[in-house]
Protein chains: 2
Amino acid sequence: MSKGLKQTKSRLLILDVLDKADKPLTAEEIYWLIQNEEDPINLSTVYRTLEVFLNKNIVQIPLMKDGNKASYILNRDEHHHYLVCDKCHTMIKIDFCPFDEFEKQVEQLTSFTILKHKLELFGICPKCQRERK
Amino acid sequence: MSKGLKQTKSRLLILDVLDKADKPLTAEEIYWLIQNEEDPINLSTVYRTLEVFLNKNIVQIPLMKDGNKASYILNRDEHHHYLVCDKCHTMIKIDFCPFDEFEKQVEQLTSFTILKHKLELFGICPKCQRERK
DNA sequence: ATGCAAATGCAAATCATTTGCATCTAAAAA
DNA sequence: TTTTTAGATGCAAATGATTTGCATTTGCAT
């Protein structure tokens, strides 16, 4: 395993689950998905692993929360954002991001060094518009 | 009090504290700020009031969290974003937002109707840069 | 193979937030 | 103004996500 981490079964399983996921997963969701696999793994381990992965920048927590639980995604070093439907919570990825220029302006204005940004868009998806939900 | 709410001392105090604040406040910060004022008020009341205010759109929760506590700001119907220092959590308001054009593009691309967006920038503030914390 | 630092399981602790319930109070009705 | 009552509050206990202490296990460097 990269970044000076021991390669353990739990960590590989968690990475695998996150890799296959098509949406951000909570610690508990990861936990249950792994129960369905071969070897059980403790919920504390999931939390501890996710924290290590966060520190190593292997995973990220996007802005949206599922209730008050944090969700995690693999950091694929692609930069993108999510668009979330307020009605049905459909979540789609937006693959472009025009904010480099904006960040430069803010850096000049504030003297901060900007490291990252999080953006999320909320609206109504086409399906819900049709169904007037 | 507007929006069909009873005008109570707690609610007026909470509104006042939020109005005077120059940054998002957690429920507990609001609670302590009010202890310093004349009349004490219960922490549950702060939480309950904030929830009512949220539903009435009188306050909003910006994206950033102080640790894992939610922060609240008065909804002033101004649109702006926050810049947060990763080290000392200093939080400053950015008063301009260039994303209308971007939203239009995303609407065309996805057929979503976009209602709002949340953006947050993270970096290191000038003070922490100097102190190399 | 051996030793050790790091990882894990388990149970208990933590901490923000919520809730049940008895009491109180703003404001509508009389 | 007094009465009425739905909604607001205080208090203590419950909840639920996340963290932590500690004993045990396991990668992996020697």
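Every chain is numbered from 1, with letters handed out A, B, ... down the list of sequences.
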Is it the case that the base of C:dA7 and the side chain of A:Ser10 share a donor-acceptor contact (distance under 3.5 Å, atom types as modelled)?
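Answer no: no donor N or O sits under 3.5 Å from an acceptor.
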Donor-acceptor pair present, A:Arg11 side chain and D:dG27 base, under 3.5 Å:
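No, no donor-acceptor pair under 3.5 Å.
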Rounded to the Å, how far apart are [X] [atom1] and [N] [atom2]?
X	N	atom1	atom2	value
B:Asn55	C:dT18	CG	P	11 Å
B:Arg48	D:dA6	CZ	C1'	15 Å
B:Lys9	C:dA26	NZ	P	8 Å
B:Leu43	C:dA16	CG	P	9 Å
B:Tyr31	C:dT17	OH	P	14 Å
B:Lys69	D:dT19	NZ	C1'	15 Å
A:Asn42	D:dA23	CG	P	17 Å
B:Leu13	D:dA8	CG	C1'	14 Å

Among the nucleotides [options], which one has an atom lying closest to any side-chain atom of [X]?
X	options	value
A:Glu51	D:dT19, C:dT17, D:dT18	D:dT19
A:Ile41	C:dA7, D:dT18, C:dG9	C:dG9
B:Gln7	D:dA8, C:dA7, C:dA27	C:dA27

Please determine if A:Asp19 and A:Arg76 form a salt bridge, counting it only when a charged side-chain N lies under 4.0 Å from a carboxylate O.
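Between A:Arg76 and A:Asp19 there is a salt bridge, with a charged N closer than 4.0 Å to a carboxylate O.
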What is the base-pairing partner of D:dA8, counting Watson-Crick and G-U wobble geometry with both distances under 3.5 Å?
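Matched D:dA8 with C:dT23 under the 3.5 Å cut-off.
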Searching all strands shown, indicate the nucleotide that pairs with D:dA29 (Watson-Crick or G-U wobble; both distances under 3.5 Å).
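Here D:dA29 is engaged in a pair, and the nucleotide opposite it is C:dT2.
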State, yes or no, whether a side-chain contact exists between A:Ile41 and A:Gln35 at a heavy-atom distance under 4.5 Å.
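Yes, side chains in contact.
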Let me confirm one number: the OG1-OH distance from B:Thr45 to B:Tyr31, rounded to the nearest 0.5 Å.
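Here the rounded value is 9.5 Å.
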Say you draw a straight line from NZ of B:Lys20 to CG of B:Leu15; how long is it, rounded to the nearest 0.5 Å?
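Here the interatomic distance stands at 11.5 Å.
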Residue-phosphate contact under 4.0 Å: [X] side-chain N/O, [N] OP1/OP2:
X	N	value
B:Ser44	D:dT9	no
A:Tyr47	D:dT19	no
A:Thr49	C:dT8	yes

Quick one: label B:Thr8 by what it contacts on the DNA or RNA (base, sugar-phosphate, nothing), any heavy atom closer than 4.0 Å.
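Answer is sugar-phosphate: B:Thr8 comes under 4.0 Å of backbone atoms only.
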Show the nearest heavy-atom pair for residues A:Leu50 and A:Ile14, with the distance to one decimal.
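Closest approach of A:Leu50 to A:Ile14, heavy atoms only: CD2-CG2, 4.2 Å.
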